[in-house]
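Here the structure is a predicted model, which means the values were calculated and not measured.
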Amino acid sequence: VQEAIRMFRNCNSLKTLRLSNKIKKLPEGIFSYLKISSINIPSDVEEIPGYCFDSCSNLTSVTIPAKVKKIGDYAFCNCEKLKTVTINSKLEEIGKGAFVRCGFTTIKLPNTLSVIGGTAFYESKLKEIEIPAGVKYIEAETFWACKDLSNVTINEGMIGIKSKAFGNCESLKKIHIPNSMKTVNIYMFSGSNVEVTVSCNFQSFKKVNGVSKLIFVHEYDHASDTTCNRCGAVREIHLVTMDQFVERLYTTCLGRKSEA
């Protein structure tokens, strides 16, 4: 890493880099700490290596080429002015801390994505995010302290959300957990204040910190007499049937009550 950083050491006036499309591999950390505002990533590059653009404080936009399958650890860490990230690739992996403290409010993740590393969007300016179905786990502190994050979509296929993944997300008020969820960490919403809708693993969610209201969508018209035992962390629980839940969605989407 140090050798790559020294390549552009003290190039404080360098604002733009144009790279030859003959380049197929970038060294780790090569552009870190530069003051560049824009760069073209060569079309044959298959990986954005770790620390590649770390602390490029003036970088405003970047396009990930079609062949890139991995964005390495801390690749765009501390790029606070980075407002636009366009992913044209069949990206499979986002490394740890890849977008720590970045400035973009939204990012479209491709359906080919299967891994998002821990702290990937730590303290970023994200307002909304959809997690592709191929991602099975949201790792620890992935969205920690994303203060503006208010809209999260988790698709069916998600298996587990780890410690503090959505911790201190003060704007996150509601989230729906899919049926595929199997692993529940009691600290995944730590420091937040979220209304959580679940239709699986209800017993596990009763002890989750940071849950203001737990809505349990069940298939039958009654719940067992043990449903609400040991609800230590949750302050409010609503039990609704699937029909009621569907009616709520219908009313919310169309602005009127179902006539059924």
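- Criterion: ILVMFWY side-chain heavy atoms under 4.5 Å apart, direct or through other members. Under it, V100 and V85 are not part of a common hydrophobic cluster.
- Nearest heavy-atom pair across A145 and C169 is N-SG, 4.5 Å.
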What do the steps show when you test Y33 against Y51 for side chain to side chain contact (heavy atoms under 4.5 Å, CB included), and what is the final call?
CA-CA 10 Å; Y33 294 93; Y51 300 92; over 6 Å; no
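- Listed by chain and residue number, S199 satisfy the side-chain hydrogen bond (donor to acceptor under 3.5 Å, both in side chains) test with N179 (two or more places apart in sequence, or in another chain).
- Counting only heavy atoms from C-beta outward, the side chains of L172 and F143 never approach each other to under 4.5 Å.
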Could you check L17 against L34 for side chain to side chain contact (heavy atoms under 4.5 Å, CB included), going step by step and ending with a plain yes or no?
CA-CA 10 Å; L17 272 174; L34 290 182; 4.1 Å; yes
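- Of the possible donor and acceptor atoms, none in the side chain of S192 sits under 3.5 Å from a partner among the backbone N and O of V194.
- Within the model, atoms CD of E195 and NZ of K174 stand 5.0 Å from one another, a figure rounded to the nearest 0.5 Å.
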Go through the steps for T197 and V217 under the test side chain to side chain contact (heavy atoms under 4.5 Å, CB included), then give the verdict.
CA-CA 7 Å; T197 301; V217 182; 3.7 Å; yes
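- Enclosure of atom NZ in K90 is not indicated, since only 12 or fewer non-hydrogen atoms of other residues, nucleotides or ligands lie within 6.0 angstrom.
- In the hydrophobic clustering of this structure, W144 does not group with I175; members are Ile, Leu, Val, Met, Phe, Trp, Tyr whose side-chain heavy atoms approach within less than 4.5 Å, directly or through other members.
- Checking side-chain atoms of S180 against main-chain N and O of M158 turns up a donor-acceptor pair under 3.5 Å.
- Residues N193 and S212 share a closest heavy-atom pair of OD1-CB, 3.1 Å.
- Taking F53 as the reference, F31, F76 meet the ring-ring contact (aromatic ring centres under 6.0 Å, His included) condition, with sequence neighbours excluded.
- A donor-acceptor pair under 3.5 Å is formed between the side chain of D73 and the backbone N or O of K96.
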In sequence, state the C-alpha distance, the side-chain angles, and the governing distance for I116 and L109, and then conclude on side chain to side chain contact (heavy atoms under 4.5 Å, CB included).
CA-CA 10 Å; I116 301 177; L109 301 178; 4.0 Å; yes
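- Of all non-hydrogen atoms in I154 and H176, the two that sit nearest each other are CB-O, 4.2 Å.
- Put simply, the side chain of S89 gets close to the backbone of V68: a donor and an acceptor are under 3.5 Å apart.
- Evaluation of the ring-ring contact (aromatic ring centres under 6.0 Å, His included) rule for Y187 yields no partner, not counting sequence neighbours.
- When the side-chain contact (heavy atoms from CB on, under 4.5 Å) test is applied to I186, the partners found at least two apart in sequence or on another chain are K207, N209.
- Taking CG from L59 and OG1 from T84, the interatomic distance works out to 10.0 Å, rounded to the nearest 0.5 Å.
- Separation of atoms NZ (K147) and CG (L149) is listed at 12.0 Å; rounding is to 0.5 Å.
- With a 4.5 Å cut-off on side-chain heavy atoms, V62 and L82 count as touching.
- In plain terms, the two heavy atoms of A75 and P49 that are nearest each other are CB-O, 3.7 Å.
- In this structure, I39 CD1 and L19 CG are separated by 4.5 Å, a value rounded to the nearest 0.5 Å.
- Heavy atoms only, all atoms of each residue included: T63 and P65 are closest at O-CD, 3.4 Å.
- For K136, there are no salt bridge (charged side-chain N to carboxylate O under 4.0 Å, His left out) partners two or more places apart in sequence or in a different chain.
- Sequence neighbours left out, the pairs with a member in residues 56-68 that pass salt bridge (Lys or Arg N to Asp or Glu O under 4.0 Å) are D44-K67.
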Which side-chain N or O atoms in residues 127-135 pair as donor and acceptor under 3.5 Å with protein atoms at least two apart or in another chain?
{"unit_1": "E130", "atom_1": "OE2", "unit_2": "N155", "atom_2": "ND2", "d": "3.1"}

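- The SG atom of C79 sits 9.5 Å away from atom CZ of F104, with the distance rounded to the nearest 0.5 Å.
- Residues passing the side-chain hydrogen bond (donor to acceptor under 3.5 Å, both in side chains) test with K173: none are found, sequence neighbours excluded.
- Taking every heavy atom of both residues into account, M188 and I161 meet most closely at SD-CB, 3.5 Å.
- Residues passing the side-chain contact (heavy atoms from CB on, under 4.5 Å) test with S150 are S171, sequence neighbours excluded.
- Residues that satisfy the side-chain hydrogen bond (donor to acceptor under 3.5 Å, both in side chains) test with E139, not counting sequence neighbours, are K162.
- From S190, atom OG reaches atom CZ of F166 across 13.5 Å, with rounding to the nearest 0.5 Å.
- Counting only residues at least two apart or in different chains, side chain to side chain donor-acceptor pair (under 3.5 Å) contacts with residues 108-126 comprise R101-E123.
- In the hydrophobic clustering of this structure, V115 does not group with I64; members are Ile, Leu, Val, Met, Phe, Trp, Tyr whose side-chain heavy atoms approach within less than 4.5 Å, directly or through other members.
- The side chain to side chain donor-acceptor pair (under 3.5 Å) with N58 is formed by just one residue from the set E80, K81, K35; it is K81.
- Partners of E92 under the salt bridge (charged side-chain N to carboxylate O under 4.0 Å, His left out) rule, at least two apart in sequence or in another chain, do not exist in this structure.
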